[in-house]
Amino acid sequence: MSSYGMTIIEHLLMKQQQIPFATGAFSRLMSELVVAAKLISREVNKAGLVDIYGFTGEINVYGEQVQKLDEYAHKTIIRRLRHTGVLCAIISEESADIMEIPEPFSRGPYILVMDPLDGSSNIDVNISIGTIFSVYRRKEEGGPVTLDEVLQKGSEQVAAGYFIYGSSTMMVYTTGQGVHGFTLYPSIGEFLLSHENIQIPKRGKIFSVNEGNYNYWDENVREYVDYLKTPEAGDGRPYTSRYVGSLVSDFHRNLLKGGIFMYPADSKDPKKPHGKLRLLCEASPLAFVVEKAGGYASNGKKPILDIKPNNIHERVPLYIGSVEDVKMAEKFLRGER
Ligand code: P6P
């Protein structure tokens with residue numbers, strides 16, 4: 001029986017009933033995250049009408065200007081989730097360090113990792129942007145949250161997903177049993193199941209990469225991208241290039257249609273030898289989603305989900321999407337043809 005049209009809360013409770021000894025803590029976490037996303041969606045969709053465009057004047061941990069909506073998203077998620085009693089810490093792309101849940105709030109077993117508003121450089125040109133999230137379970141029973149509890153491999157995630165604020169607002173998430181998409185119906189303020197058990201095609205016809213960095217790539221990366229533009233790559237037709245410059249948008253399109261998104265290491269910025277994208281807040285959550293949808297994510301050499309972070313804001317090269325496409329990229333990067 002199709003569950004089409006089921007609310008996200010119904011879906012969470014249905015999944016919860018399938019887990020023995022489930023306490024409801026995870027469902028509580030996710031339901032508050034959904035409320036935060038509805039608030040962010042409302043601000044994103046009216047950004048053009050009020051003074052919420054533009055910059056706060058602050059610089060984040062990466063030396064990037066903080067957009068007002070970045071800050072709004074970051075604070076909204078923290079405000080909604082810190083009182084739930086199910087979190088012990090939050091890691092945000094907008095914060096340099098671990099944010100432990102402070103007194104007087106009660107704490108729980110989960111650690112939330114998030115990119116509150118990815119692609120924010122696209123806000124003022126009306127391109128879709130997104131929130132990326134990931135949930136881990138802490139290893140200790142109590143006490144201060146240690147760095148080791150946060151720096152877990154992506155394979156240890158309890159759940160991961162994203163919200164995309166585009167022509168419609170969607171939520172895509174997995175707890176390991178399938179990947180499911182929900183579309184927000186603003187008239188009723190509910191996310192309803194619209195894409196049940198998403199499976200990414202084993203091979204696509206789309207490649208997504210910023211070719212402005214071509215001259216700064218390793219030779220093998222250039223050879224792979226050049227190959228994709230030949231008829232041989234697509235059984236008589238070259239691949240199509242699609243690149244929005246908003247990770248959640250590029251990822252979501254390829255998840256549904258198939259293909260590969262790449263952010264290779266490049267020599268453009270000596271401070272970012274491993275590319276621009278962050279392991280904890282971006283690569284690992286999307287790798288968890290894509291692999292539960294039958295796809296694959298790699299740093300060009302090994303699965304993203306097998307990489308134990310060395311620090312909270314570690315960057316990695318990212319090759320993610322259809323399994324055959326990512327495996328082909330790995331082959332080229334090994335110098336094989
Ligand atoms: P570039 C947005 O700033 C972001 O973090 C991702 O959303 C996006 O995929 C990437 O950077 C785009 O980077 O260097 O191609 O502009």
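Whatever order the structure lists them in is the order used to number ligands and atoms, beginning at 1. Quick note: residue numbers are just sequence positions, from 1.
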Side chain, backbone, both or neither: the part of Phe261 lying under 4.0 Å from ligand 1 by heavy atom: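 The answer is the side chain.
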If we ignore angles and hydrogens, is there a donor and acceptor under 3.5 Å between the side chains of Asp226 and Thr230?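 No, because no side-chain N or O of Asp226 sits under 3.5 Å from a partner of the opposite role on Thr230.
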Among all protein heavy atoms, pick out the one at the shortest distance from [atom]; state its residue, atom name and that distance to 0.1 Å.
| atom | value |
| --- | --- |
| atom 12 (C) of ligand 1 | Tyr243 OH, 3.3 Å |
| atom 5 (O) of ligand 1 | Asp118 OD1, 3.6 Å |
| atom 2 (C) of ligand 1 | Gly119 CA, 3.6 Å |

With nothing but distance in play, are any N or O atoms of [X] less than 3.5 Å from an N or O of ligand 1?
| X | value |
| --- | --- |
| Tyr263 | yes |
| Arg278 | no |
| Lys276 | yes |
| Leu247 | yes |

When you measure from the centre of the six-membered ring of Tyr296, is the NZ or CZ of Lys327 under 6.0 Å away and within 45° of the axis? yes
Has Asp250 got a side-chain atom pairing as donor or acceptor with Val244's backbone, closer than 3.5 angstrom?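 Side chain of Asp250 to backbone of Val244, a donor-acceptor pair under 3.5 Å: yes, one is there.
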Note: [X]-[Y] ion pair, threshold 4.0 Å (strictly below):
| X | Y | value |
| --- | --- | --- |
| Lys331 | Glu336 | no |
| Asp235 | Arg203 | yes |
| Glu94 | Lys75 | no |

Tyr185 ring center near Phe191 ring center (under 6.0 Å): no
Please state which option from Gly245, Gly212, Gly275 has its nearest heavy atom closest to atom 8 (C) of ligand 1. Gly245
Using a strict cut-off of 4.0 Å, indicate which atoms of ligand 1 neighbour a heavy atom of Asn210. 1 (P), 14 (O), 15 (O)
